[in-house]
Colleague: 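Quick one: this structure, given as structure tokens, is what I'll be asking you about.
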Amino acid sequence: MGAAALLRGPGSLLLRASPGCWCRCFWAASGETAAAASPGSGARSPFDRQLKRKQKNWAALQPEPAKYGYLREEVGGRVADRVFDITRTFPLALDVGCGSGYIAQYLNKETVEKLFQVDMAENALKNTMETEIPTVSVVADEEFLPFKEDTFDLVVSSLSLHWVNDLPRAFRELAELEREGGFSPHVSPFTDVTDLGHLLGRAGFNTLTVDTDEIQVNYPGMFEIMEDLKGMGESNCSWNRKPILHRETMLAAAAIYQEMYGSNDGSVPATFEIYYMIGWKFQESQARPAQRGSATVSFGDLAKINALISRKK
């Protein structure tokens, strides 16, 4: 269970262990392998994973990393709420792309008994927030998770998978890792929202639900938006990104943004569009849909019954 965000300026801008707990940290060699993807991989690998890791590590080392955590804090709480909606306990859970533990801080031992927190940025894991759940921290790339099949009862991910190059493959891998719990990942900017349910279904999840939120934040200007994105570790890491943006270009863009979307108080809005997806790995105990053609009453008969009820009333 998890969440995803796109950042849109209205109309045009599209940016794409603590006391009482024990915590261990492991390194997974597969993270280095994933980060070594080359720009020659083309459309199937649009993102520079090594650069994304550097961005996230840099953000985690800033003097006040929590200053830029407001969006992840909010979405982490909303993901946790969806976990609480499931009235059961998960013995072993996995948080993919956990950052400093934005989901874990809201969970409790009655819901999750033990949690593995995975992130490609080791510095983010050093900043994990307090939680009453026993945790294990693992440095690994989301594209190459170092776990055996059917390991976890619950897999969550929040604001992480939008930088994954092969989203269908990541979905399949998460479906293999999960034993029976809910799952809801972040949408990639290169994935059409209408296709997300299909991707999860093809990966082996069923009983799918997708819902969306919009979180609007007002900033003094475009440069403040960009500063916060950088502080979040959300700078662009596409292979085809422009290495340099000239000052004149940036000033012109800021002026246009202010003119088109600026509020009366001088601020400019940025809207984070969050997509929540939940799916379950199939279990034999689950109810199955009836065989096609096995119905004993037709829709026509049901319509007649409704008409008779209406006449009696």
Side-chain angles (χ1 to χ4, degrees), residues 2-3 5 17-36 47-77 79-80 83 92-109 112-147 151-152 154-164 170 174 177 185-186 227-237:
S18 54
C21 296
W22 55 272
C23 178
R24 293 182 292 169
C25 185
F26 298 95
W27 282 77
S30 56
E32 290 292 342
T33 304
F47 303 125
D48 182 344
R49 298 288 293 171
Q50 180 68 34
L51 176 59
K52 177 49 58 182
R53 179 182 173 187
K54 289 179 179 178
Q55 291 172 349
K56 294 181 71 174
N57 271 324
W58 177 89
L61 286 177
Q62 297 313 295
E64 297 180 273
K67 173 183 176 182
Y68 304 101
Y70 52 88
L71 181 65
R72 298 184 187 278
E73 289 265 2
E74 178 65 26
V75 177
V79 172
V83 175
L92 188 60
L94 170 68
D95 183 356
V96 179
C98 64
S100 58
Y102 294 101
I103 300 177
Q105 63 174 328
Y106 295 103
L107 300 175
N108 55 48
K109 291 186 292 186
V112 172
E113 294 180 349
K114 184 177 179 181
L115 177 68
F116 275 68
Q117 295 180 296
V118 173
D119 202 281
M120 67 191 304
E122 62 274 16
N123 292 335
L125 291 173
K126 294 175 183 177
N127 295 336
T128 50
M129 291 176 273
E130 181 177 344
T131 174
E132 64 181 54
I133 304 171
T135 61
V136 178
S137 296
V138 180
V139 181
D141 195 289
E142 294 94 331
E143 292 187 345
F144 299 91
L145 295 172
F147 302 108
T151 300
F152 298 98
L154 172 72
V155 179
V156 297
S157 182
S158 179
L159 306 184
S160 172
L161 297 184
H162 54 302
W163 295 118
V164 168
L174 290 168
L177 290 174
H186 191 338
E227 178 186 356
D228 277 19
L229 288 174
K230 184 177 180 181
M232 295 176 192
E234 290 295 314
S235 300
N236 187 11
C237 70

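In what follows, every heavy atom counts, from backbone to side chain, and hydrogens, waters and symmetry copies are set aside.
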Colleague: Please confirm whether the backbone N or O of L125 pairs with a side-chain atom of S137, one donor and one acceptor, at under 3.5 Å?
Modeller: no

Colleague: With a 4.5 Å heavy-atom cut-off, do Y68 and K230 have their side chains touching?
Modeller: no

Colleague: Could you state the interatomic distance from SG (C237) to CD (Q55), rounded to the nearest 0.5 Å?
Modeller: 5.5 Å

Colleague: Please identify each residue that fulfils side-chain hydrogen bond (donor to acceptor under 3.5 Å, both in side chains) with D228, with sequence neighbours left out.
Modeller: Y70

Colleague: Rounded to the nearest 0.5 Å, how far apart are CD of E113 and CD1 of I133?
Modeller: 10.0 Å

Colleague: Using only atom types and a distance under 3.5 Å, with no angle test, would you say the side chain of N123 pairs donor to acceptor with the backbone of K56?
Modeller: no

Colleague: A104 and L115: which non-hydrogen atoms are nearest, and at how many Å?
Modeller: CB-CD2, 3.5 Å

Colleague: Could you walk me through whether N108 and E132 pass the side-chain contact (heavy atoms from CB on, under 4.5 Å) test, one step at a time?
Modeller: CA-CA 6 Å; N108 55 48; E132 64 181 54; 3.3 Å; yes

Colleague: Using the test side-chain hydrogen bond (donor to acceptor under 3.5 Å, both in side chains), find all partners of E73 that sit at least two apart in sequence or belong to another chain.
Modeller: Q105, Y106

Colleague: Taking the side chain from K52 and the backbone from G233, do they hold a donor-acceptor pair closer than 3.5 Å?
Modeller: yes

Colleague: Give me the one residue out of T151, V138, V96 that meets side-chain contact (heavy atoms from CB on, under 4.5 Å) with L145.
Modeller: V96

Colleague: Checking D119 side chain against G99 main chain: does a donor-acceptor pair fall under 3.5 Å?
Modeller: yes

Colleague: For a quick check under 3.5 Å, do T128 and Q117 share a side-chain donor-acceptor pair by atom type?
Modeller: no

Colleague: Calculate, to the nearest 0.5 Å, the distance between atoms CZ and CZ belonging to F147 and F152 respectively.
Modeller: 4.0 Å

Colleague: Going by side-chain contact (heavy atoms from CB on, under 4.5 Å), M120 matches just one of R49, Q50, E143. Which one?
Modeller: R49

Colleague: Does Q62 have any side chain to side chain contact (heavy atoms under 4.5 Å, CB included) partners at least two apart in sequence or in another chain, and if so, which?
Modeller: W58

Colleague: Roughly how far, to the nearest 0.5 Å, is the CE atom of M129 from the CD1 atom of I103?
Modeller: 10.0 Å

Colleague: Kindly say whether P65 contributes a backbone atom to a donor-acceptor pair with the side chain of N127 at under 3.5 angstrom?
Modeller: no

Colleague: Just how far is it from atom NZ of K54 to atom CG of L51, taken to the nearest 0.5 Å?
Modeller: 7.0 Å

Colleague: I'd like to check L61 versus N57 (side-chain heavy atoms, cut-off strictly below 4.5 Å). Are they in contact?
Modeller: no

Colleague: If you take all heavy atoms of E122 and R53, which pair is closest and at what distance?
Modeller: OE1-NH2, 3.1 Å

Colleague: Can you name the nearest heavy-atom pair linking S160 to G97, along with the distance?
Modeller: OG-CA, 3.4 Å

Colleague: Take W163 and E234, measure what side-chain contact (heavy atoms from CB on, under 4.5 Å) needs, and give me the verdict at the end.
Modeller: CA-CA 9 Å; W163 295 118; E234 290 295 314; 3.0 Å; yes

Colleague: Kindly indicate, with the supporting measurements, whether the criterion side-chain contact (heavy atoms from CB on, under 4.5 Å) is fulfilled by S158 and Y102.
Modeller: CA-CA 8 Å; S158 179; Y102 294 101; 6.0 Å; no

